[in-house]
Amino acid sequence: MTPLTILVSASGAPGTAALLRSLRENGEREVRLVGTDRSAGAIGRHLCDAFHVVPPGADPGFADAMLEVCRGEEVSVVLPQSSFDLLGLAEAKERFTEQGVAAMVSSPEAIRRSNDKADSYAMLDAIGVSGPAWRRVRGGEAVAAAVHELGYPERDVCLKPVFSSGTRGFRVLSASADRREQLLTNRPGMAEALRLEDLLELLGPGDETELLVMELATGTERTIDGIAREGRIVLGHPKTREAMRAGLAMYFETLDDPWLMEVASRIVAELRLDHFFNIQLVGDHVIEVNPRISTMVYQEDLNLPWLGVKHALGAISEEGLAALQSRVRPTRRALRYFDQVEWDT
């Protein structure tokens, strides 16, 4: 049988190595992996069978570049890893379909609502799912007002850009932030807590960046990963998200938690999500909705990335996926670690 060619975008993402390995070790069919990334130094260059540099996902030429890669490499399915790649792929989905390529993305509307964090929080309020208290603001004066409304300086609060991915731009505002301790004891590049006056100084008087100011949610971090079809969860499970390092979770424990699955079901239904999704909670507050694949806890008998690809290609039905739900093992653990490759130029 001819190898199945799968394109994995953003192949410099932290989860790339494990994702590519799971696709290769599917136990059913030989695959050929094509990586794309905006950076020529992405790890996908070394781990994929072919690699292409493409424009950033927000670039107007992104979809055309991806279509060209698909034509040249005879790609059957596109599996995006980055939130920034989703909208460009979704808006061009019919063009991929016409070329015989299954692009694993939800609708443009679902992606816009998910990527706009303020819109996501408004949706949570509307459907009765718990999220943090929030304010959508522009400019230093509005930021200061929102911060105080949410309890600062007695309570720590947080903020991030309205449009962002993962922990990019996320900062805690704390009146007790110690800039001297940060200078002398912390590693460079750590996301330090700021005092309000520090933030206002950074923003400056004319800054109109749209920000989301939020209650600082506390408690255990958990996520729900799964595969959806037209707003229905077909297969998935929750997990913990622990041992943070450089903004990334490094340790996970699979959970059996019907309440978390019910929360995810309501969100997936409201957005009518398709393909992979990841929903993050801190304590009992939903803080992120990601209509894409995220870090998986892999099992030898439940390869979610491969099953998602098969479903996108029509090689397994919804019923077939749902029948595998009983294989989820709450005893499963995952520990991420750093590795490296070497080469000569």
Side-chain angles (χ1 to χ4, degrees), residues 1-108 110-111 227-229 273-277 290-294 296 303-317 321:
M1 182 180 292
T2 303
L4 175 69
T5 301
I6 304 170
L7 188 158
V8 177
S9 85
S11 62
T16 296
L19 173 60
L20 297 178
R21 184 169 60 249
S22 76
L23 294 172
R24 286 198 191 279
E25 298 175 358
N26 65 75
E28 297 180 12
R29 183 174 177 181
E30 182 181 357
V31 299
R32 179 172 174 271
L33 299 174
V34 176
T36 62
D37 200 273
R38 63 184 294 178
S39 169
I43 189 61
R45 174 180 290 279
H46 304 280
L47 301 182
C48 292
D49 301 295
F51 176 82
H52 297 266
V53 176
V54 296
D59 190 290
F62 172 72
D64 288 337
M66 294 290 280
L67 282 161
E68 183 61 30
V69 173
C70 288
R71 278 191 291 269
E73 298 287 355
E74 298 184 344
V75 168
S76 294
V77 60
V78 173
L79 198 173
Q81 289 194 91
S82 170
S83 296
F84 296 110
D85 293 349
L86 300 178
L87 187 58
L89 293 173
E91 290 178 336
K93 191 169 184 176
E94 289 187 8
R95 297 171 62 197
F96 284 91
T97 302
E98 291 168 0
Q99 195 170 294
V101 178
M104 299 181 66
V105 287
S106 294
S107 69
I111 291 166
I227 302 168
R229 171 65 175 164
L273 294 182
D274 281 304
H275 304 293
F276 293 116
F277 68 87
N290 299 305
R292 57 167 171 78
I293 199 166
S294 188
M296 294 283 184
N303 187 332
L304 284 176
W306 175 244
L307 291 169
V309 167
K310 287 181 65 177
H311 184 55
L313 294 172
I316 187 170
S317 66
L321 283 180

Any pair counted as salt bridge (Lys or Arg N to Asp or Glu O under 4.0 Å), so long as it reaches residues 8-17, sequence neighbours left out
none
Nearest 0.5 Å, please: how far is CG in L86 from OG in S107?
11.0 Å
Could you measure the distance from the CG atom of N303 to the CG atom of L23? Nearest 0.5 Å is fine.
7.0 Å
Any side-chain heavy atom of H275 within less than 4.5 Å of one from S106?
no
Which distance, rounded to the nearest 0.5 Å, do you find between the CG of L89 and the CG of L67?
8.5 Å
Apply side-chain hydrogen bond (donor to acceptor under 3.5 Å, both in side chains) to the pair R292 and S83, showing each step before the final yes or no.
CA-CA 7 Å; R292 57 167 171 78; S83 296; 2.8 Å; yes
CD1 on I111 to CG on L273, rounded to 0.5 Å
9.0 Å
Using every non-hydrogen atom in the two residues, find where T2 and R29 come nearest and quote the distance to one decimal.
O-NH2, 2.9 Å
Check V77 against A312 and note the closest heavy-atom contact, atom names and distance.
CG2-CB, 4.5 Å
For A228 and F277, work out which heavy atoms get closest and say how close.
CB-CD2, 4.0 Å
Please tabulate, for the side chains in residues 47-57, all donor-acceptor contacts under 3.5 angstrom to protein atoms that are two or more places apart in sequence or on a different chain.
unit_1	atom_1	unit_2	atom_2	d
D49	OD1	R24	NH2	3.4
D49	OD2	R24	NH1	3.2
D49	OD2	R24	NH2	3.2
D49	OD2	L33	N	2.7
H52	NE2	E73	OE2	2.7

N/O donor-acceptor pairs under 3.5 Å from side chains in residues 3-13, not counting sequence neighbours:
unit_1	atom_1	unit_2	atom_2	d
S9	OG	Q81	N	3.3
S9	OG	D85	OD2	2.8
S11	OG	T36	O	3.2

The side-chain hydrogen bond (donor to acceptor under 3.5 Å, both in side chains) partners of D64 (sequence neighbours excluded) come to R95
Taking all atoms of both residues into account, what is the closest heavy-atom pair of F276 and I293, and its distance?
CB-N, 3.5 Å
Using the test salt bridge (Lys or Arg N to Asp or Glu O under 4.0 Å), find all partners of K310 that sit at least two apart in sequence or belong to another chain.
E28
Heavy-atom side-chain proximity of M296 to S22 below 4.5 angstrom
no
Show the nearest heavy-atom pair for residues L313 and S76, with the distance to one decimal.
CD2-O, 3.8 Å
Name all residues meeting the side-chain hydrogen bond (donor to acceptor under 3.5 Å, both in side chains) criterion together with S317; count only those two or more places apart in sequence or in a different chain, and write none if there are none.
E319
Calculate, to the nearest 0.5 Å, the distance between atoms NZ and CE belonging to K93 and M104 respectively.
9.5 Å
